[in-house]
Amino acid sequence: MRATQQDFENAMNQVKLLKKDPGNEVKLRLYALYKQATEGPCTMPKPGVFDFVNKAKWDAWNALGSLPKETARQNYVDLVSSLSSSSEASSQGKGGADGKAQESKGILVTSEGGITKITFNRPSKKNAITFQMYQDIILALKNASTDDTVITVFTGAGDYYSSGNDLTNFTSASGGMEEAANKGAIVLREFVNTFIDFPKPLVAVVNGPAVGISVTLLGLFDAVYASDRATFHTPFSHLGQSPEACSSYTFPKMMGSAKAAEMLLFGKKLTAREAWAQGLVTEVFPESTFETEVWTRLKTYAKLPPNSMRISKELIRKNEKEKLHAVNEEECTTLRARWLSEECINAIMSFVTRKPKL
Ligand SMILES: CCCCC/C=C/C(=O)SCCNC(=O)CCNC(=O)[C@H](O)C(C)(C)COP(=O)(O)OP(=O)(O)OC[C@H]1O[C@@H](n2cnc3c(N)ncnc32)[C@H](O)[C@@H]1OP(=O)(O)O
């Protein structure tokens, strides 16, 4: 039997009730089928190459060619029906809210006992963050902000927390540095905005050395627990770059301008205890008991009333939000220009062409 207009409208309502985010690919397919079913083939002008979101939507719709409106309507209804049944199955079965795991190439996302755990998961590259990982983290945070978990925790797999931005992000883009710089600024802006706006308690479990953006982001976390093996390093001047993740604002505010300058201008690497003394770290634990002590504590925190924590966080963050967004905007614009500078290009080239270890 063919789907009626009423079936189509019911399906549109069902989409809003899905318990699980179906992911970007499915959302694009839904969007394309909806547009095709209601407006017919795509005749809109193609968005610019840097307008990533609208271009992806346009591509998905345009790919449907001259598919008849009725067939698009039927496909939309069928797709929603398959999503609804799989979402029900997963919320009833073992893979429900607790104990579920979602793995992408560079990050591992699990949720258990009220805690969403996002692990930088590229230990062979010291958990350097690729463009794909930035996107996956944005999605994981968006999911965590609306699911039933209470606290979100970042940590690293292997001996590093993270070595920061993957420096090959800039050298592997097909359009060269200019394209990478444009893309980098767009991705960075959305990535940092997601942290600024994240509504639930956000905790970093810093298991080892942290470099670059994995350090600067800590200024936007609610608590930072560090192993005494962890170090904190922001070598921006060495890389011909400039601070990001609002650290040009949060670091001086947190540690005073003189100490912030040592980190952000001169690239001084701090030990965990030094970072604690500067207010960047909440508490330092001996490596031997770090994991046990921190996770025991977090499990207790995850049992606190979630709405109360969310409301308190909102109060704490509210007066700063506008400022943080403005700082993020300016840092991204500045960094985009830095990435095209000779100082930065030379620094990145010297990293990617360094001699392999024997
Ligand atoms: C788009 C948004 C951008 C936001 C702006 C962000 C800025 C930043 O984050 S700036 C900071 C960037 N990070 C760095 O400068 C660190 C670079 N890495 C290093 O200095 C070292 O690798 C190390 C100190 C982190 C570790 O040294 P070591 O213990 O000697 O280990 P290896 O150097 O042999 O590293 C193993 C393996 O991992 C690769 N790797 C490590 N870090 C990165 C990285 N950031 N980007 C790309 N690749 C990285 C390293 O190349 C090795 O790979 P193989 O040679 O293939 O084994």
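Every heavy atom of this structure was used, including side-chain atoms; hydrogens, water molecules and symmetry mates were not. Whatever order the structure lists ligands and atoms in, that order sets their numbers, starting from 1. This chain uses plain numbering: 1 for the first residue, then up along the sequence. None of these values were measured; they are calculated from a predicted model.
- Proximity to Ala128 (heavy-atom distance under 4.0 Å) selects the following atoms of ligand 1: 43 (C), 44 (C), 45 (N), 46 (N).
- Salt bridge annotation for Asp147-Lys200: present, with a cationic side-chain nitrogen under 4.0 angstrom from a carboxylate oxygen.
- Using a 4.0 Å cut-off between heavy atoms, Thr234 makes no contact with ligand 1 at all.
- Less than 4.0 angstrom separates some heavy atom of Ser124 from each of these atoms of ligand 1: 36 (C), 37 (C), 38 (O).
- Contacts between Trp339 and ligand 1 below 4.0 angstrom, taking non-hydrogen atoms only, involve the side chain exclusively.
- A donor-acceptor contact closer than 3.5 angstrom is absent between the side chains of Asn10 and Gln14.
- Between Leu239 and ligand 1 there is a heavy-atom distance shorter than 4.0 Å.
- A ring-ring contact (aromatic ring centres under 6.0 Å, His included) check over residues 219-238, counting only residues at least two apart or in different chains, returns the pairs Phe154-Phe221, Phe195-Phe221, Tyr225-Phe285.
- The N/O atoms of Leu167, backbone and side chain alike, include one that comes under 3.5 Å of an N/O atom in ligand 1.
- Atoms of ligand 1 found under 4.0 Å from any heavy atom of Phe131 (numbered from 1 in listed order, with element): 1 (C).
- Asn169 and Asn165 share a side-chain donor-acceptor pair at under 3.5 Å.
- Every atom of ligand 1 with a heavy atom of Tyr134 under 4.0 Å away is listed here by number and element: 1 (C), 2 (C), 3 (C), 4 (C).
- Pairing each heavy atom of Ile348 with each of Gln241, the nearest pair is CD1-NE2, 4.1 Å.
- When Phe191, Phe170, Tyr160 are ranked by how near their heavy atoms come to atom 26 (C) of ligand 1, first place goes to Tyr160.
- Of the listed residues (Arg122, Arg354, Glu244), the one carrying the non-hydrogen atom nearest atom 52 (C) of ligand 1 is Arg354.
- Contacts between Ser163 and ligand 1, counted as non-hydrogen atom pairs separated by less than 4.0 Å, involve both the backbone and the side chain.
- Looking at Gln278 and Met263, their side chains never come closer than 4.5 Å, going by heavy atoms from C-beta outward.
- Within the set Leu217, Asn165, Leu335, the minimum heavy-atom distance to atom 9 (O) of ligand 1 is found for Asn165.
- The salt bridge (charged side-chain N to carboxylate O under 4.0 Å, His left out) contacts involving residues 207-229 comprise Asp222-Lys313, Arg229-Glu287, where partners must be two or more places apart or lie in separate chains.
- The closest approach between any non-hydrogen atom of Asn169 and ligand 1 is not below 4.0 Å.
- Annotation: cation-pi pair Lys117/Trp295 present, NZ/CZ under 6.0 Å from the ring centroid and within 45° of its normal.
- In summary, the atoms of ligand 1 found under 4.0 Å from a heavy atom of Gly164, numbered by their order in the structure, are 9 (O).
- For the side-chain contact (heavy atoms from CB on, under 4.5 Å) criterion with Tyr161, the lone passing option out of Val211, Val215, Asn207, Val205 is Asn207.
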